[in-house]
Amino acid sequence: MCKLSNLMTVLQEIAPLSLSQKMIEKGDYDNSGLIIESSDTADKILFSLDLSVEVVERAKELGCDTIITHHPAIYAPIKNLSVNDQTKALILAIQNRISVISMHLNLDIASAGIDHSLALGLGGRDIKILDLIDGEHGYGRVSTVDKQSLVQFVEKVERTFETRKLVYYGNREVNKIASFCGSGGSQALQCCDNDEVDTVITSDLAHHHLKELIENDKNVVILPHYVSEQYGFNKFYQAVSEKLNGKAQTFYFVDNRFM
């Protein structure tokens, strides 16, 4: 039997919730941590990037008592608990006594978190953090990859991240990349003045930010938000499963609509 409190300890060994608080102090918004506490045990755990009705139904089928998400299960303020698109997954989880934990910005910026996993998945080495939050955690990664054409790089990304839904711009040779998981479009602009970086990989990129990067002679690869984070969240699932060492069963859900 695994206690919910013991699970929280394991999760924070990888991504301390204090990192989320540091991001909030910088001006970001987050709601990471224990969202629904339905019992004090966590014997069967389903990992999913998002909380949805389909995810809760899958948890029910598997007999799970806990769901761990990346995106906060409650993000914007909830004004009522009527059965609408915003709250019906939450209500269903509560009805079925399923606890929900969200690990968001803390997992994005952790030293072995989602942003770091993205850089590794892109083939990066000699990885450096662009925006340090403290000595070892932060957002944005600059790394070196083997020299290759942009088309070759994109083909490798498609294979590694199992998607054909990315968009890319430019024609420079790829060697020094900057990568940002999730909603990193505006942060990517800091690469405009970085002469070493030839290629920027991010998601949710506004047109005027894309224009500025291209006008500063950068290749730009736009990964779908889900794809850029699912890869690292799966690595998190594997790491947590290893740390639990059989004390709880773990399962992973992929929403293929976004892949």
Side-chain angles (χ1 to χ4, degrees), residues 14-15 19-20 22-23 26-28 70 104-161 163 166-206 208-236 239:
I14 299 171
L19 295 177
S20 174
K22 288 181 179 180
M23 294 296 285
K26 281 174 55 67
D28 289 300
H70 177 47
H104 188 220
L105 295 184
N106 56 317
L107 183 55
D108 277 340
I109 70 170
S111 58
I114 287 179
D115 205 37
H116 188 75
S117 292
L118 174 61
L120 289 174
L122 293 167
R125 58 183 184 272
D126 302 323
I127 300 171
K128 297 179 181 178
I129 298 173
L130 275 170
D131 184 10
L132 273 171
I133 305 303
D134 60 23
E136 58 176 332
H137 309 289
Y139 186 62
R141 299 294 193 273
V142 170
S143 58
T144 302
V145 298
D146 294 336
K147 287 185 179 181
Q148 59 202 288
S149 71
L150 179 58
V151 171
Q152 289 173 321
F153 178 73
V154 166
E155 288 174 347
K156 288 181 181 179
V157 172
E158 288 178 335
R159 289 194 298 271
T160 300
F161 291 85
T163 187
L166 58 78
V167 178
Y168 64 98
Y169 302 83
N171 53 25
R172 291 182 62 183
E173 184 178 56
V174 180
N175 186 212
K176 197 78 167 183
I177 67 171
S179 54
F180 306 82
C181 72
S183 303
S186 59
Q187 289 92 334
L189 290 181
Q190 64 187 286
C191 299
C192 288
D193 298 326
N194 188 329
D195 293 334
E196 289 188 339
V197 171
D198 50 64
T199 304
V200 174
I201 302 94
T202 189
S203 303
D204 302 342
L205 190 61
H208 62 287
H209 293 155
L210 171 64
K211 178 174 176 287
E212 188 168 346
L213 286 166
I214 288 175
E215 288 183 343
N216 279 276
D217 197 28
K218 307 298 180 186
N219 296 327
V220 178
V221 179
I222 304 174
L223 274 173
H225 187 123
Y226 189 95
V227 171
S228 77
E229 296 190 322
Q230 189 278 142
Y231 182 87
F233 194 64
N234 188 275
K235 299 298 184 187
F236 177 60

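Values below: every heavy atom of this structure, side chains too, minus hydrogens, waters and symmetry copies.
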K.L.:
Nearest 0.5 angstrom please: Leu132 CG to Leu130 CG, how far?
P.N.:
9.0 Å
K.L.:
For the pair Glu212 and His208, evaluate side chain to side chain donor-acceptor pair (under 3.5 Å) and give the outcome as yes or no after the intermediate values.
P.N.:
CA-CA 6 Å; Glu212 188 168 346; His208 62 287; over 6 Å; no
K.L.:
Before accepting this row, confirm whether a basic side-chain N of the pair Asp198/Lys218 lies closer than 4.0 Å to the acidic partner's carboxylate O.
P.N.:
no
K.L.:
Looking only at heavy atoms, what is the nearest atom pair of Cys191 and Ala178, with distance?
P.N.:
SG-CB, 3.4 Å
K.L.:
Please name the pair of heavy atoms, one in Ile114 and one in Phe233, separated by the smallest distance, quoted to 0.1 Å.
P.N.:
CG1-N, 3.8 Å
K.L.:
Any chance you could lay out the side chain to side chain donor-acceptor pair (under 3.5 Å) test for Asn106 and Ser20, step after step, and finish with the verdict?
P.N.:
CA-CA 4 Å; Asn106 56 317; Ser20 174; 5.1 Å; no
K.L.:
With Lys235 as the cation and Tyr231 as the aromatic partner, state whether NZ or CZ is under 6.0 Å from the six-membered ring centre and within 45° of the axis.
P.N.:
yes
K.L.:
Taking all non-hydrogen atoms of both residues into account, name the closest pair between Ile127 and Arg141 and its distance.
P.N.:
CG2-CD, 3.6 Å
K.L.:
Looking only at heavy atoms, what is the nearest atom pair of Ile133 and Lys22, with distance?
P.N.:
CG2-CB, 3.8 Å
K.L.:
Any sub-3.5 Å donor-acceptor pair from Thr160's side-chain atoms to Val157's backbone N or O?
P.N.:
no
K.L.:
To the nearest 0.5 Å, tell me how far Ile109 CD1 sits from Asp134 CG.
P.N.:
7.0 Å
K.L.:
Would you check if the side chain of Gln148 reaches a backbone N or O of Asp146 as a donor-acceptor pair within less than 3.5 Å?
P.N.:
yes
K.L.:
Does a side-chain heavy-atom distance below 4.5 Å link Leu118 with Leu223?
P.N.:
yes
K.L.:
Under 3.5 Å, side chain of Glu155 to main-chain N/O of Gln152, donor-acceptor pair present?
P.N.:
no
K.L.:
Working to the nearest 0.5 angstrom, can you tell me the gap between Asn171 CG and Leu150 CG?
P.N.:
8.0 Å
K.L.:
Could you tell me if Asp108 and His70 have a donor-acceptor pair between their side chains, going purely by distance under 3.5 Å?
P.N.:
yes
K.L.:
Locate the shortest heavy-atom distance separating Cys181 from Asp115; write the atom from each residue and the value.
P.N.:
N-OD1, 2.8 Å
K.L.:
What residues form a side chain to side chain contact (heavy atoms under 4.5 Å, CB included) with Glu215, not counting sequence neighbours?
P.N.:
Lys211
K.L.:
For Leu107 versus Ala15, what's the shortest heavy-atom pair and its separation?
P.N.:
CA-CB, 3.8 Å
K.L.:
At what distance, to the nearest 0.5 angstrom, does CG of Leu105 lie from CG of Asp28?
P.N.:
6.0 Å
K.L.:
Using a 3.5 Å distance criterion without hydrogens, assess whether the side chain of Asn219 forms a donor-acceptor pair with backbone atoms of Tyr168.
P.N.:
no
K.L.:
Does some side-chain heavy atom of Val221 sit less than 4.5 Å from a side-chain heavy atom of Thr199?
P.N.:
yes
